[in-house]
Amino acid sequence: MKRIALVALALLAALVLVACGGAGPATPAASGLPADAAAVAQARGLTADDVYAAMKTYTPSGKLDPYIMIASGGQSGQVLVVGLPSMRILKVIGVFTPEPWQGYGFGGSGDAILAGGKVNGKEVLWGDTHHPSISETNGTYDGQFAFINDKANARLAVIDLRDFSTKQIIKNPNAINDHGGAFVTPNTEYVIEGPQYAAPLGWQYAPLDQYKEKYVGLVTLWKFDRLKGRVDPSQSFQIELPPYWQDLCDAGKGPSDGWFFCNSFNSELAVGGVELGQPPFEAGTTKNDTDYLHIFNWKKAAEVFQAGKAEKINGMAVIRLKTAIAEGLLYFSPEPKSPHGSDVTPGGEFIVVGGKLDPHVTIYSFDKIMAAIKAGELGKDQYGVPVIPLNQAMEAQVELGLGPLHTVFDDKGYAYTSLFLDSAVARWSLGGPYANKHPEKAWSLVQKLPVQYNIGHIAALEGDTATPGGQYVVALNKWSIDRFANIGPLLPQNFQLVDISKGGDQMKVLYDMPVGMAEPHYAQIIKAERLKPFEVYPEIGWNAETMSKDPNATLKQEDAKVVRTGNTVEIWMTVIRSHYVPEQVKVKKGDHVIWHLTSLERARDATHGFALSGYNINLSIEPGKTETIEFVADQAGTYSYFCTEFCSALHLEMLGYFLVEP
Ligand code: CUK
Ligand code: CUA
């Protein structure tokens, strides 16, 4: 404690020194104790802002981060877990892509989870993860589960935050790609998976000249069974939409609970074909001044589904567009121009939509939308969907700058919008019930903070929930250009931590974090205290896939055994520092091998690995875990199995021989 105080003192002294333009050698009198901190600041050329940033983010050895960011891992198909404010990576969770350290997809239970993501029987072992979503209770993160979509293949994954590992991957049976997911409803009743590029219903073939008639959009509401920790497809349903490209979605809360909202583009129904002399997509999809904000009544849609008014297509219940219109499940309102992002304010009163080619964000009032629906007499789009005129639904527009995309919120009545073309974070003031939380005029730009460069999404501390926290925003920047040492033409993306703790125009960039693995899109930041992860698995013999005791657990070393039944050899093995039991396993070529491994460890962090040479097998066996592998010993020879985690001084001696007799 005393040390920390001293360091802080020294840094403060350095701050004063640098702030005063303090050249010259630091004397003990000027810098306080110890003098070397001021000298370091001077030698490294740190400005007062730098020293402030260092003090805001530096996390001394042994201190824990109070906030955890769950970030998309982009094309890596993984999910990143990052501590804030230190910006240290804590884990890369294997999700759509096999991950060897976690033994995910190399013979253990991860194989079955990954197999859930097969596309028409074909293994697809990567994903383009976009939007993580932490499970919510009453509109606030509850820290139990996280969901993420794979844009490339229209898949959804469920991550259990008790052990930060993937439990389920589910393939959307009627969509080939998705985008506006995963987003949860306020009590995680449903996980919304919005569509992206329209395709014929039921994943059929149809030529592009039949686009208008045959192609559809399709939003999916996956029912989440919290007790099982799994999505239940039999209780899930889809809603057919016009073939506009639905984009980002967000669920209502408070007064707007029961509804969700998606922006869309390509109301032009462009089909590309620049090589045929037709306008390229980038021109074809931006001709119109407005597209349609999609407004869904999901509670009513769930009733319509329960009432059996859905059609089964590829085993999945689909509410057809006609039914959706007739039952009042879907409304539109125009949104300018080339829209992107759809974000609901913390109290659920407003929906904020950005426009890639419009300098404004447009704010819709849920009350006004409801009033317009009640009043009736709405026009219709070309597919018969009722359209609420923009001037009847709009609360305000705020001019922010070029390329507004995504918006998050804080506890001071401010909103934060990423400005892609400006490469900036805009802080602006909310109106309505938020107007008295800040001194500024309602609905006005407060500050534009430059970031490096081309910001996409933006995340704030619990900033998309009913109870945002303030403190920090993270800019998820697409480019980094000159921020890091040159390592060749493929550059890392750049997460920038921004201090938003002070109001007005006091936002500051604190830290650059290179992301050298992919292009993450969205992230969510949760208070660490809401998470209740296991320290070790609850009991010896825990199956991390089923999250329950495994019937094939071996609880004591004496119970380890090898049993042959015909051509099948079944092994019950124990794992503890620093030996496997048994250490010799003999089979015959062609035998079917079933191998159960149980860690008898109860000490935290005492993880063992299990690699079997030549068989593409690698497991991570955390304390208490039971894993099962199954394979055919199709190659004769002498193999070793050994531990891949340096678990003790005699780790190298933690091995066994696997002998396959010809
Ligand atoms: S999208 Cu990537 S920056 Cu997938 Cu959320 Cu807007
Ligand atoms: Cu167990 Cu190394």
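Counting starts at 1 for both ligands and their atoms, following the listed order. Because the structure is a prediction, the values reported are computed rather than measured.
His130 and His179 share a side-chain donor-acceptor pair at under 3.5 Å. Side chain to side chain, Ser165 and Asp163 meet the donor-acceptor criterion of an N or O pair below 3.5 Å. Between the side chains of Ser620 and Glu622, a donor-acceptor pair is found at a separation under 3.5 Å.
Nearest non-hydrogen protein atom to atom 2 (Cu) of ligand 1 is His521 ND1, 2.0 Å.
Counting backbone and side-chain atoms alike, Met654 contributes an N/O/S atom closer than 2.8 Å to atom 1 (Cu) of ligand 2. At least one N/O/S atom of Cys643, from backbone or side chain, sits under 2.8 Å from atom 2 (Cu) of ligand 2.
The pair Arg483-Asp512 meets the salt-bridge criterion, with a side-chain N (NZ, NE, NH1 or NH2) lying under 4.0 Å from an Asp/Glu carboxylate O.
Restricting His651 to its N, O or S atoms, the one at the least distance from atom 2 (Cu) of ligand 2 is ND1. The closest approach of Glu645 to atom 2 (Cu) of ligand 2, by N/O/S atoms, is made by O. Sorting the N, O or S atoms of His608 by how far they are from atom 1 (Cu) of ligand 2 puts ND1 first.
The shortest heavy-atom distance from Lys478 to ligand 1 is under 4.0 Å.
Remark: ligand 1 atoms within the under-4.0 Å shell around heavy atoms of His340 are 1 (S), 6 (Cu). Listed by number with element, the atoms of ligand 1 under 4.0 angstrom from any heavy atom of Leu248 are 5 (Cu).
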